[in-house]
J.: 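Here's a structure for you.
Letters go in sequence order (proteins before strands), and every chain restarts at 1. What you see is a predicted model, and the numbers here were worked out from it, not measured in a lab.
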Amino acid sequence: MSSDNGQRSGGAQGAVPEQLALIREAVRKNKAPKAKPRTWRGAALAKELPVARVLVDKGVLHLDRYFDYAVPEELDAAAQPGVRVRVRFGAGGRNVREGRREGGSLIDGFLVERVAESDYAGPLAALAQVVSPEPVLGPELLGLARAVADRYAGSLADVLQLAVPPRHGRAEARKTGDPPPPPAAPDPGSWRRYGRGADFLSALASGGAPRAVWTALPGPQWAEEIARAVQATLASGRGALVVLPAGRPVARVDSALRELFGEGQHAVLTADAGPERRYREWLAVRRGAVRAVVGTRAAMFAPVRDLGLVVVWDDGDASHSDDRAPFPHVREVLELRSTRDKCAFLLGSWSCTVEAAQLVESGWAAPLVADREQVRATAPLVRTVGDAELARDEAARAARLPSLAWQVAREGLRHGPVLVQVPRRGYVPRLACARCREPARCRWCAGPLQARDAGGGALCCGWCGREEGAWHCPECGGFRLRAQVVGARRTAEELGRAFPAVPVRTSGREQVLDTVSGAPALVVSTPGAEPVAEGGYAAALLLDGWAMLGRPDLRAGEDALRRWIGAAALVRDQGAGGTVVVVAEPTLRPVQALVRWDPVGHAVRELAERAELGFPPVSRMAAVSGTAEAVAEVLADAELPRDAEVLGPVPLPVTDAGRPRTVGAPPPGERWERALVRVPPGSGAALAAALKSAVAARMARGGSGVEAVRVRIDPPDIG
DNA sequence: AGCACGCCGACT
DNA sequence: GTCGGCGTGCTC
């Protein structure tokens, strides 16, 4: 038997003083001398709870567990749960027989817990350094991060990297004040426009935890309504967290909050704030000096004290999906927080995602909606221009713009600004029935059919890869397919030339306008970049119908409706003459939903259809991508739930410098495949766990040099 | 990723 | 008998 089984409790005398000195030296200089003993028995250890459980900050899945370290006496006081530490980690320089360890590189970690004994059989290395005594990782945040990592088949360290901002010494040294006294409960204000709006607010104010999917009425009042919900929660003595998709809406809610109860009650957490300011604000929240947080997606983890309410605005916006592993989505994370912390949940949007509809359908959240009369009174008049009219319309042929759009623009410009929504470049058209526009789907798995190569040769399924030799439309029996392409940007330019007396302003990716005045102007914007007009737009032209609906994406319909509504909600109500023209077939479901201003009905129908076809979110999907061998191996090794169904794998397009947004895109030049795995509701956790352990086992087995496999739960842009 | 351990062949 | 090749596995 080895003389060193690590179980004896720090007894060996002889070496202690020198070794302690060496450790002190190491701690002071933050750099280890070459042959430095740092063992269980070597160092003088903390008298109470001498073992620290440490999460090492490496995102690798097979290291996704805690490692035990000895707590040297001199670090005892600072080494509290939640602090950042540095430890030696790695197989560096081991000599177990002599009971000594040396080497290994210094890496960052979080001290998670202090315990009396370790269940590790070897000698423990000592903590090298407590980076700062600030306990940044409290038990709630740790629990949340763990749950998010599990849900997304990711590692805790990866999630913590998203959740805890990098340390900034100066920010940490600043003292934080006491929180101001909570404001009084607000008047319901415009929440009275919604059936149960006032009830929702008073539930918040009295300490309740209501959960709602709120379909906001068009117009600018939503920000103030969110601010009132925050105020009601603060009034109950609890904290609140609001996550918005971008800086502009954050600024709107920020100023609504200032107007309601001034400075000092809330912090703004956005990515563009710079490291010092970001950490300072985050610390103020964690220390309890600030009770409310407004921010973009990284704020979803903000350690708000005694959380009473979480809010997500416009959950259909793609920015709510984090772009770093494991790609958590704000809505899902806030759902987890609401459940774990038993706090209120408010998902608000002018539109409605299928996920939001599912929250209502499942009974998890209650709908918070205005009645039809109220909706009709607040929304603009929506008119459509379909193919039939376009065909009959000589003016449209000549000018590439339907007569109706001309009329509405001309009339609108007499009363104020007119918004023109044009598509962003780069939408990939999808195949649809040339006759009825039904999307072409695979007859086996209902995935989207694609032309195998650009020439339009063989058809195959984008999910399972099966070839389709004899497609015909299941709706109308048509045999011909078409891919829609539009060029509406130029149309807008022509429109500008047609009204030479009117200023044309543009807002898009490169330069986003925040607001425009109420004076007559043509405002050309890509979706999501629409400026708010003072007093509302007199009219809007939505010229991108086909580009929006033609994308090869499950969400094409939902997205189109969301973007149309996002533009139309900036238009005056129909009583004030507000009119919207959408150039799209009036029989299509998203178009009808826009005309009736019924995003919820649209989402509910989409949800029913997804359930029928086995699509997310009614089923949970995971994408596994990597080289063909790697994908096959992971799928073979994973103990997938019994009801799991594997689609594919299919080859992924080889990455060429131009396309960043593909899921799990391979490193340039490599040939990768992707398989989709889908499971029915309820098996999502088992699916994530199975894939995570298969990938972890593979990494541990293969060591270095094994090609990576990427797993992504809820892959976006599938199809 | 990095580094030590260990089981093999070539050398003094 | 001993040095050192790289394949394998672990990191408290």
J.: When the ring centroid of A:Phe89 is compared with that of A:Phe67, is the distance short of 6.0 Å?
T.: yes
J.: Nearest whole angstrom, please: distance from the C1' of C:dT11 to the CG of A:Leu124.
T.: 13 Å
J.: Once the angle between the rings of A:His320 and A:His329 is folded into 0 to 90°, is it parallel (under 30°), tilted (30 to 60°) or perpendicular (over 60°)?
T.: tilted
J.: Rounding to an integer number of Å, can you tell me how far A:Leu106 CG sits from B:dA1 P?
T.: 20 Å
J.: Other residues, nucleotides and ligands only: do more than 12 of their heavy atoms fall within 6.0 Å of CD on A:Gln80?
T.: yes
J.: From CD of A:Glu113 over to P of C:dC12, roughly how many Å is that when rounded to an integer?
T.: 19 Å
J.: Just the rounded figure in Å: distance from P of C:dC12 to CZ of A:Phe67.
T.: 7 Å
J.: Would you mind reading off the distance between A:Asp57 atom CG and C:dC12 atom P, rounded to a whole angstrom?
T.: 16 Å
J.: Check ring pair (Phe, Tyr, Trp, His ring centres under 6.0 Å) between A:Tyr66 and all other residues, then give those that pass, not counting sequence neighbours.
T.: none
J.: A:Tyr66 has an atom OH; how far is it from atom C1' of C:dC10, in whole Å?
T.: 21 Å
J.: Is the ring centre of A:Tyr120 under 5.5 Å from the base ring centre of C:dC12, and are the two planes under 30° apart, so that they stack?
T.: yes
J.: Could you give the CG-to-P distance, from A:Asp108 to C:dT11, as a whole number of Å?
T.: 21 Å
J.: Specify the separation, in whole Å, of atom CZ of A:Arg86 and atom P of C:dC12.
T.: 15 Å
